[in-house]
Amino acid sequence: MLGNYLKMALKVLARRKFFTFISLFGISLTLLVLLVATAMLDQIFAPQAPESRGDRTLGIYTASLRGEDSVYNGFAGYGLLDRAVRGLPQELPGVENISLFTTARAAISYVGGQKIESSLKRTDGAYWQILDFSFLEGGPFTAEDDAAARFVAVINETTRGRFFGDEPAVGRTIEVDGQRFRVVGVVRDVPILRVVAYSEIWVPVSTAKSRAYLKEYQGNFMALLLAHSRADFPQIKAAVDRRLDLAEAHIPDRRMFQTIDAGADTLFEAVSRTLFEARESRPELLWALLLGLAVLFMILPSINLVNLNLSRILDRASEIGVRKAFGASSHTLVGQFVVENVVLTLLGGALGLGLAAAVLAGLNESGVIPYADLRLNFRVFFEGLALALFFGLFSGVYPAWKMSRLHPVQALRGRTV
Amino acid sequence: MIQLERVTKKYRTERVETTALDNVNLTIDQGEFVSIMGPSGCGKSTLLHLIGLLDAPSGGSIALDGKPVERYGDRALARVRNERLGFVFQQFHLVADLSVVDNVEIPLLYRKTTGKERRRAALAALDRVGLASRTHHFPGQLSGGQQQRVAIARAIVGKPAVLLADEPTGNLDSQMGDEIMGILQELNQEGTTIVMVTHDPRLAERTHRVVRLFDGRQVQ
Ligand SMILES: Nc1ncnc2c1ncn2[C@@H]1O[C@H](COP(=O)(O)OP(=O)(O)OP(=O)(O)O)[C@@H](O)[C@H]1O
Ligand SMILES: [Mg+2]
């Protein structure tokens, strides 16, 4: 019987080419956008290597300084972060490790007379312990290297190619922004969407050209705090808040700024903090925004689908009347409509999945997003598919079921429920 | 075989109530060929729908093989319609999205048959009504007379015990009409009980019995 249903469904869909096309278009486009968007969000937020411990990591990613009539919104300086986290592992057993490092900044090199621009990050030794880079050659530099201000560097695969044309790089020297570094390790490329881990060249913080950063409250630094588990988060956040309160007394420019708004956040909380310019992080707002967008985006094509299905009800009514007159029970008819809708949704789903895979592969390869490694999120795919199925069944099957309960002649007259 | 007792049918729209059938008593025996005649709007189609179990009466009772049909559930009713009855609608009611042969196969879809058997039976029925060359057309591509013959093929494909035909020759020229009438007579001789609505006294003459309706009432 299922075979019959399937054949019948395919016949009807093939015959109603326009309807089928519009429905497939709606379903697959929705899934496509949903999948591409979540692939990007996953790339930013999901715990993936090198941030494999992201689920138990907090960070101070940005800071705001406020005064009577001035506001600074941006990255924190080393001086501020140092006060916020130094000594925390000794104070709180829940803190496993802490790291201070800069954001990636453009740096210039010349190789064989050619100018090369790379992203450069300055980090401490703990950075390499908290994050989980995969090394192709050599290894990371250490806290000792940083303390001794040794001019050593870790570079990524692409940078090795630019400087050394794929030959081994460890032990060789690169010159960046006028400083010479000995390469100690080469790591696999990291997608640019991973703000904490991304760079092309990493060197010790202490190799900075001046020591001024040590006292600054404004700058381009971030801090990471690795907790033993998420259960330690509340305690760590409270401790960081206390220390930031104390740090207010030491703001270098006390006449301009009197208060500090910052805190230890998860990456998701941090994005919501910046997005809504909130004094505290408001992850529920970001959740609401993302969910709202997703729902809106899913609802529009769903309404379209419902609309299409309903506008065909009159056509279908006469078909239902005929089939009933020749011996179809309500049961059989509902079966037919269910199969038809499921086939349509699954076709749309397969199409959407294929398109999304193609688009993601295209994005990954084109280099529009440097080092992008976007992947399909199958959970979101199945959720989207389930939603499409629900709306399809609701709009395509429910009215058909109601109509199949009528006497055949009533259905033939197109009398709707 | 089919008994109607004091059957009435009223249609209620927002403002008016139409009595389409008023107190009709009718018995149709196995093997009979009955024609129903009467002026337009007198309730012929309504009566045929009731006999074909396609609609429910507003009053009175209908019995099939001695059993009142109100007692049938949805599935039992579907089974009776499928195995015992065949209907030719006045407006044909072909499914526009299905080809001619797929339309004719509809009654067999709800039986235990294989695709091959269905196809063979459908082609045979189409051949019988002289449409063997149009099997893969869609209803919209056929003339009114051709559509009518598809509707007849669909009604007879399942070899029903009772064939109900609402003006089966209404759109056909007299030669084609005679041919269809010949087929009906043949089926009747093979044992099929037939009830046919017609305006044509010549055709009615060739049946066993004529039931005349006027304004929803039976007249003699
Ligand atoms: N769905 C309906 N709603 C309201 N009135 C209806 C409906 N169907 C039929 N009628 C009315 O019932 C009466 C009988 O209709 P019916 O179709 O049975 O006539 P008929 O004898 O078949 O006519 P014709 O020869 O023109 O086909 C008519 O007055 C018609 O207007
Ligand atoms: Mg009529």
Side-chain angles (χ1 to χ4, degrees), chain A residues 1-20 23 309 312-337 339-340 343-344 396 400-416, chain B residues 9 11 13 45-46 48-50 52-57 69 72-99 101-115 118 138-140 151 154-155 157-158 160 164 166:
Chain A
M1 201 63 214
L2 191 66
N4 275 345
Y5 284 159
L6 268 177
K7 245 187 256 167
M8 226 177 323
L10 291 176
K11 266 180 190 160
V12 170
L13 293 177
R15 179 72 180 143
R16 300 186 193 254
K17 288 196 181 62
F18 185 68
F19 166 82
T20 306
S23 301
N309 268 330
R312 287 172 67 214
I313 277 298
L314 280 188
D315 277 3
R316 300 319 294 266
S318 96
E319 180 185 338
I320 289 171
V322 169
R323 290 188 186 277
K324 238 194 140 174
F326 288 101
S329 61
S330 306
H331 222 77
T332 331
L333 283 170
V334 168
Q336 179 197 335
F337 278 77
V339 169
E340 212 175 279
V343 165
L344 193 64
W401 175 74
K402 286 286 258 187
M403 213 163 312
S404 77
R405 318 264 307 162
L406 297 174
H407 286 284
V409 176
Q410 288 173 331
L412 278 171
R413 239 177 263 133
R415 214 191 79 176
T416 42
Chain B
K9 178 72 185 175
Y11 292 111
T13 54
S45 294
T46 304
L48 208 62
H49 293 153
L50 291 177
L53 310 186
L54 302 181
D55 208 351
V69 295
Y72 286 74
D74 181 70
R75 271 183 219 234
L77 217 48
R79 196 184 192 106
V80 172
R81 289 186 192 122
N82 184 239
E83 292 174 357
R84 312 275 326 261
L85 305 172
F87 209 101
V88 183
F89 289 98
Q90 191 173 5
Q91 284 94 7
F92 320 141
H93 290 309
L94 303 178
V95 180
D97 291 327
L98 296 181
S99 68
V101 66
D102 284 337
N103 261 286
V104 175
E105 277 184 27
I106 287 177
L108 305 180
L109 285 175
Y110 306 108
R111 293 186 187 178
K112 281 205 171 62
T113 50
T114 64
R118 279 204 298 274
F138 283 91
R154 184 176 61 184
V157 72
L164 305 163
D166 199 345

Next on the checklist: For B:R84, which atoms come within 4.5 Å of any heavy atom of chain A: side chain, backbone, both, or neither?
Outcome noted: neither

Item to check | Shortest non-hydrogen contact from B:F89 toward A:F326 | outcome: CE1-CE1, 4.2 Å

Next on the checklist: Once rounded to the nearest 0.5 Å, what's the spacing between atom CD1 of B:I106 and atom CE of A:M8?
Outcome noted: 8.5 Å

Checklist entry - Stepwise, does the side chain to side chain contact (heavy atoms under 4.5 Å, CB included) test hold for A:R323 with B:L109? => result CA-CA 9 Å; A:R323 290 188 186 277; B:L109 285 175; 3.6 Å; yes

Next on the checklist: Rounded at 0.5 Å granularity, tell me how far CD in A:Q410 sits from NE2 in B:H49.
Outcome noted: 11.5 Å

Checklist outcome for this item: If one checks every heavy atom of B:A76 against chain A at 4.5 Å, the contacting part turns out to be neither

Next on the checklist: Less than 4.5 Å to any heavy atom of chain A: does that hold for the side chain of B:R154, its backbone, both, or neither?
Outcome noted: both

Checklist outcome for this item: One option among A:R405, A:K7, A:R16 has the most heavy-atom pairs under 4.5 Å with chain B, and it is A:R16

Next on the checklist: Between B:D74 and A:K324, does any side-chain N to carboxylate O distance fall below 4.0 Å?
Outcome noted: yes

Next on the checklist: Below 4.5 Å, heavy-atom pairs only: which of B:L77, B:D102, B:L98 has the largest tally toward chain A?
Outcome noted: B:D102

Item to check | Minimum heavy-atom distance B:R81-A:A325, with the two atoms named | outcome: CB-O, 3.7 Å

Checklist outcome for this item: Taken in chain and number order and not counting sequence neighbours, the residues that satisfy side-chain hydrogen bond (donor to acceptor under 3.5 Å, both in side chains) with A:R15 are none

Checklist outcome for this item: Checked B:L53, B:N82, B:L94 vs chain A; the most non-hydrogen pairs under 4.5 Å come from B:N82

Next on the checklist: Within the supplied structure, the quantity of interest is the number of heavy atoms (other residues, nucleotides, ligands) at a distance under 6.0 Å from B:R75 CZ; does it exceed 12?
Outcome noted: no

Checklist entry - Relative to chain A, which segment of B:F92 carries a heavy atom at a distance below 4.5 Å: side chain, backbone, both, or neither? => result neither

